[in-house]
Amino acid sequence: MEKGFFNVPIAVNEQVKSYAPGSPERAAVLETYKNMFNTQVDVPLYINGEYVSTGNTRTMSPPHDHQHVVGTYHLAEQKHIDDAIATALEARKTWSLIPWEQRAGIFLKAAELIAGPYRSKINAATMIAQSKTIHQAEIDSACELVDFLRFNVQFMTDIYMEQPESTNEAWNRVEYRPLEGFTYAVTPFNFTAIAGNLPACMALMGNVVVWKPSDSQVFSAKVIMDVFEEAGVPPGVINVVFGDPVMITNTVLSHREFSGLHFTGSTFIFKELWKQIGTNIHNYKTYPRIVGETGGKDFIVAHKSANPKHVATAIARGAFEFQGQKCSAASRAYIPKSIWNDVKNLVIKDVKSFKMGSPEDMRNFITAVIHEGSFDKLAKYIDQAKNDTDAEIIVGGGYDKSKGYFIEPTVIVTTNPKYTTMCTELFGPVITIYVYEDDAYAETLKLVDETSEYALTGAIISKDRYAITQATEALQNSAGNFYINDKPTGAVVGQQPFGGARASGTNDKAGSAQNLLRWVSPRLIKETFVTPTDYRYPFLGE
Ligand code: NAD
């Protein structure tokens with residue numbers, strides 16, 4: 001029981017370190033990278049705080065060096081999923097009842113472990129597993145995950161403080177109960193921070209979790225589990241299972257006590273899971289919460305007043321950092337004819353200056369894409385653009401998977417605003433540009449709004465405030481995160497809550513109190529001080 005109204009530490013964003021040559025953090029992460037790259041790790045399932053080895057294993061290899069093995073991980077069978085669910089439900093009996101400040105203490109500790117002693121390890125693991133440059137690893141696996149953990153504690157107390165009015169006769173209180181049953185986190189490969197946050201934020205609110213990470217992120221997911229364990233997450237509160245996503249999901253979603261899905265990944269999979277939950281709805285004890293952040297076809301619109309350098313830099317960073325594998329990555333751009341030549345020359349110059357290779361060589365801005373499936377898909381679209389008469393590749397277009405899955409950053413220019421790569425999420429270092437007539441600004445904004453099923457991020461670049469206003473209004477439903485004079489990527493927890501609508505997800509804004517509200521079920525308690533003793537109201541008098 002709490003014995004005080006506690007203030008939590010005021011959340012501050014973790015400072016991004018530079019990793020410049022000669023800096024201590026650069027030396028530390030490179031040494032850790034070498035150690036982790038050259039030793040083999042065995043990653044078990046985590047069920048009830050125990051390491052479960054199933055004997056059925058798969059190897060893990062860095063995308064930039066796919067013949068090199070950095071370890072193995074164990075695949076679950078159905079009985080392991082049943083165990084994970086049973087153990088979570090058992091753990092709920094105590095976890096859902098402990099005072100909130102004890103839960104907060106655990107996750108605040110996890111944040112400081114990542115910011116300090118685990119920083120090199122979680123960054124090196126993300127460089128190896130997901131082929132992130134050190135800067136991309138630092139802003140994701142270290143800083144963003146730390147921010148999620150710190151800010152969520154603050155958001156939790158903000159929620160708890162939200163209370164109804166009371167009177168002298170009755171005291172009204174709202175308790176923010178965890179969901180009844182257990183929750184399910186399904187996470188993507190591309191952000192270690194999202195992988196950690198999805199299970200952690202549900203657990204913070206008192207829920208118990210079965211977490212299924214992406215096969216391509218197991219190596220860094222292990223570091224997250226090491227941190228959670230050291231921070232003191234009790235056995236059974238977060239259980240981790242790897243393996244066949246269909247078998248795992250079928251088992252979870254057919255359980256009567258399933259009460260919430262926290263998903264980040266592709267749109268098609270999310271819609272399928274939603275459908276499955278709908279089909280099972282009569283079996284559940286409660287209506288499950290469904291939160292999903294999914295795909296994007298994120299845009300940059302330049303107005304004729306824009307500075308070509310601003311536009312080119314937004315494209316270079318927004319489209320190509322982390323090989324375009326951010327859900328927010330710019331993948332279509334609309335540039336007015338009058339500035340196109342300048343923008344084109346600057347973009348070509350920037351892209352030609354990118355170095356590509358292993359993240360261990362810190363001069364590289366571009367590394368490999370996540371796996372062979374992604375490589376082959378991207379190569380197919382690039383080949384198609386080489387053959388199509390309404391598309392032209394102005395820079396890039398090469399690819400090579402002999403050592404790692406390397407796709408050259410590629411810029412396609414099309415004369416067809418509905419060209420396939422203007423509409424489809426490719427999830428790689430490819431951007432398609434449509435050049436429009438300067439005086440067709442309004443029509444172009446309409447085109448931007450209508451071209452894709454997604455509505456995740458987008459940017460307007462302009463010096464003209466009327467043009468900015470026009471775009472802000474015309475594109476109000478086209479993006480959940482809308483940027484003015486900036487690239488459409490790089491949301492920071494506590495500053496730019498993140499999420500999109502339409503086919504991009506339920507827009508429950510990761511990194512905000514809104515998201516945490518989905519993981520509680522409020523109970524109103526009204527306590528009356530002087531209880532009535534007669535049912536008759538005055539109006540009933542003679
Ligand atoms: P993915 O959909 O392939 O995988 C996501 C998760 O779903 C993984 O854990 C995977 O194993 C699991 N999964 C795959 N098939 C499944 C099935 N049939 N049943 C149940 N689970 C299944 O996505 P990914 O390649 O890991 O990530 C990239 C996608 O995620 C992109 O579409 C990107 O836009 C999106 N994404 C969105 C956001 C956002 O905030 N909107 C953030 C990151 C990534």
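For ligands, and for the atoms within them, numbers begin at 1 and follow the listed sequence.
Residue F427 touches ligand 1 through its side chain alone, judged by heavy-atom distances below 4.0 Å.
Residue N190 has at least one heavy-atom neighbour below 4.0 Å for each of these atoms of ligand 1: 43 (C), 44 (C). Which parts of ligand 1 touch F263 is read off a 4.0 Å heavy-atom cut-off, strictly below it: atoms 7 (O). Which parts of ligand 1 touch V246 is read off a 4.0 Å heavy-atom cut-off, strictly below it: atoms 18 (N). Taking a cut-off of under 4.0 Å to the non-hydrogen atoms of F498, the atoms of ligand 1 that pass are 39 (C), 40 (O). Near P188, meaning under 4.0 Å from any of its heavy atoms, are these atoms of ligand 1: 26 (O), 27 (O). Each of the following atoms of ligand 1 lies closer than 4.0 Å to a heavy atom of I194: 42 (C), 43 (C). Here is the list of ligand 1 atoms found below 4.0 Å of a heavy atom in F189: 24 (P), 25 (O), 26 (O), 27 (O).
Under the 6.0 Å cut-off for aromatic ring centres, H135 and Y19 do not qualify, their centroids lying 6.0 Å or more apart. For H371 and Y405, the distance between ring centers is not under 6.0 angstrom. Annotation: Y284 is in aromatic contact with F258 [ring centroid separation under 6.0 Å]. Ring-centre distance between H255 and F182: below the 6.0 Å cut-off.
Below 3.5 Å of separation, one finds no N or O of T264 facing any N or O of ligand 1. For a threshold of 3.5 Å applied to N or O pairs, the pair formed by I269 and ligand 1 contains no separation below that value. Residue E425 places at least one N or O, backbone or side chain, under 3.5 Å from an N or O of ligand 1. Ligand 1 has no nitrogen or oxygen under 3.5 angstrom from a nitrogen or oxygen of D215. Below 3.5 Å of separation, one finds an N or O of T187 facing an N or O of ligand 1.
Remark: the D388 side chain and the Y419 side chain contain an N/O donor-acceptor pair separated by less than 3.5 Å. With hydrogens and angles left out, the side-chain atoms of Q514 and D508 include no donor and acceptor closer than 3.5 Å.
Protein heavy atom nearest atom 10 (C) of ligand 1, with residue, atom name and distance: K212 NZ, 3.9 Å. Of the protein's heavy atoms, P245 CB, 3.8 Å lies nearest to atom 13 (N) of ligand 1. For atom 3 (O) of ligand 1, the closest heavy atom belonging to the protein is S266 OG, 4.1 Å. The single protein non-hydrogen atom nearest to atom 35 (C) of ligand 1 is G265 O, 3.2 Å, given as residue, atom name and distance. Shortest contact from atom 7 (O) of ligand 1 to any protein heavy atom: V186 CG1, 3.4 Å.
In this structure, the side-chain contact (heavy atoms from CB on, under 4.5 Å) partners of A302, at least two apart in sequence or on a different chain, are A306, V311, I335, P336, I339. Under the rule for a ring-ring contact (aromatic ring centres under 6.0 Å, His included), the partners of H262 that lie at least two apart in sequence or sit in another chain are W519.
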Show your reasoning for whether side-chain hydrogen bond (donor to acceptor under 3.5 Å, both in side chains) applies to N197 and N152.
CA-CA 9 Å; N197 179 49; N152 281 343; 3.0 Å; yes
